[in-house]
Amino acid sequence: MTEAASPLLLIVDDSRTSRMLIRGIVSNLRPGWRCVDAASGDEALAMVEAEAPDFITLDVNMPGMSGLEAAGRLRLKHPEIAIALCTANVQDSVRQSAERAGLHFIPKPISEKSIADMIAFFEGHGVAHA
Amino acid sequence: MHEVGELQRDALAEIFNIGVGRAAASLSQIVRDEVELSAPQVLFLKPEEVRARLFSSELDRLSLVSQDFNGPFDARAMLVFQEKNALVIVSHMLDGMVDPEHLSEFEQEAMCEVGNIILNACISALADLLGIAFEGSLPHYRYAERRTLDLLGEVQEQAPVILLVQVDLRIRKQSIDGHMLFLLSVTSLHALLDSIDRFLARQGIG
């Protein structure tokens, strides 16, 4: 990200509905952020290579690569990107996997509060935003 | 018919009660309204009894989301609403984000996500209480006529006995009735009962 550019959030979810909901709340809470989205882990990895975002939200259960696998690959190449898992799979085992990987966990259904918490996590990750 | 002990049946009902409660909380957030639940009924039925048992005449046209969960045992979970209610749920979920005339375009995908959230909430509670983990398939959404619904699919071929957990959901002010169903084969039923026994032993019961 250049110094002048506004923060970029990549929303990865196979559900268009979920992408719209996340984007809608983020746009309300942080009007200056740019949001782009991807419908799969593979698409997300390609987009990150084209322009690395500051933050990523990842669904877990998607066609092809899972969100956890995508997070692992992203961590290897882009450890500077803050990542949140946003999933309906709220099993303890998934929460623990997220915690071990240093990912913020957002249970679905999302709410304004859970997205606000996610933004606080992102903003505390070392990138300063106006 | 399968032999299931009284304590096992009671524990199953209580575990599903907790799971369904978690699911109802999720649905309540989605539709921004209170969701009433019936106490889960745990039934062991033959496949041919299931359809007749499940659907009363007012549920002739169904909107159905199903998802398979695989782990120490396998289960097919289903969320069933009257077809006409699906659009009402979607309109609550996407309130103000989509023009009403375009709402139907989102119905299938939005209902998949609703099913994904609700079924996962319930299965996650089951997994956490039993100390196990499941992998879930992607949710599958379809319409069906009650009289032609092939509810059991492959499970029917393998399973002389079906565990049916029937719960009625009612969303206040909207009169939306729904059902959550969990279908298991006999093999999976054995594995589930083993998990229940271990759960009871951990609690110092049984």
Side-chain angles (χ1 to χ4, degrees), chain A residues 11-29 35 37-43 57-70 85-100 105-117, chain B residues 19 22-32 65 67-72 77 79 89-98 102-103 105-141:
Chain A
I11 302 165
V12 188
D13 199 308
D14 60 319
S15 164
R16 183 171 51 155
T17 306
S18 280
R19 297 196 302 269
M20 284 172 54
L21 291 170
I22 295 169
R23 182 191 283 257
I25 296 174
V26 169
S27 298
N28 277 338
L29 295 175
C35 294
D37 54 55
S40 70
D42 285 317
E43 187 184 348
T57 71
L58 276 168
D59 185 18
V60 171
N61 198 12
M62 296 184 287
M65 188 188 309
S66 79
L68 279 167
E69 183 183 348
L85 276 190
C86 183
T87 177
N89 189 339
V90 294
Q91 295 178 60
D92 286 346
S93 57
V94 176
R95 289 177 190 267
Q96 287 157 8
S97 295
E99 191 176 338
R100 280 196 299 273
F105 187 88
I106 309 165
K108 288 182 180 178
I110 60 162
S111 64
E112 188 162 312
K113 182 180 183 314
S114 65
I115 295 297
D117 289 346
Chain B
R22 205 188 271 189
S26 298
L27 182 60
S28 178
Q29 268 186 272
I30 291 169
V31 299
R32 300 177 182 88
V65 187
Q67 203 164 3
D68 290 339
F69 291 90
N70 303 112
L79 180 67
I89 293 168
V90 171
S91 70
H92 279 79
M93 186 181 192
L94 296 175
D95 188 25
M97 301 188 74
V98 175
H102 296 301
L103 208 55
E105 296 169 25
F106 287 84
E107 183 177 345
Q108 178 159 349
E109 189 173 297
M111 281 304 291
C112 260
E113 191 62 1
V114 168
N116 186 37
I117 291 168
I118 291 173
L119 296 175
N120 266 287
C122 192
I123 288 289
S124 296
L126 183 78
D128 295 347
L129 286 165
L130 295 180
I132 55 182
F134 290 102
E135 293 285 333
S137 71
L138 296 173
H140 177 64
Y141 180 66

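No more than 12 heavy atoms of other residues, nucleotides or ligands sit less than 6.0 Å from atom CD of A:E99. Within a 6.0 Å sphere centred on CD of B:E105, other residues, nucleotides and ligands contribute more than 12 heavy atoms.
Annotation: the span from A:S111 atom OG to B:R32 atom CZ amounts to 10.5 Å, rounded to 0.5 Å. Remark: B:I123 CD1 to A:Q91 CD distance equals 8.0 Å, nearest 0.5 Å. Expressed to the nearest 0.5 Å, how far NZ of A:K108 lies from CD1 of B:I118 amounts to 13.0 Å. With values rounded to the nearest 0.5 angstrom, B:F106 atom CZ is found 4.0 Å from A:R16 atom CZ.
Interface summary for chain A: among B:M97, B:Q29, B:R22, B:E109, the most heavy-atom pairs under 4.5 angstrom belong to B:E109. Counting heavy-atom pairs closer than 4.5 Å to chain A, the top residue among B:A121, B:P139, B:G136 is B:G136. Of the listed residues (B:A127, B:G131, B:S26), the greatest number of heavy-atom pairs within a distance under 4.5 Å of chain A belongs to B:S26.
In this structure, A:R95 and B:D128 have side chains that are not in contact, with every pair of non-hydrogen atoms separated by 4.5 Å or more. Considering only heavy atoms from C-beta on, B:N116 stays 4.5 Å or farther from A:N89 through its side chain.
Taking every heavy atom of both residues into account, B:N120 and A:V90 meet most closely at O-CG2, 4.4 Å. Minimum interatomic distance between B:I30 and A:P109 (heavy atoms only, all atoms of both residues): CG1-CB, 3.8 Å.
Heavy atoms of B:Q108 lying under 4.5 Å from chain A are absent altogether. Contacts between A:P63 and chain B at a heavy-atom distance below 4.5 Å involve backbone atoms as well as side-chain atoms. The contact between B:V98 and chain A is made entirely by side chain atoms (from C-beta outward), counting heavy-atom distances below 4.5 Å. Heavy atoms closer than 4.5 Å to chain A are found nowhere in B:L119, neither backbone nor side chain.
Side-chain atoms of A:T17 and B:E113 include no donor-acceptor pair closer than 3.5 Å.
Looking at residues two or more places apart in sequence or on another chain, you find no side chain to side chain donor-acceptor pair (under 3.5 Å) involving A:D92.
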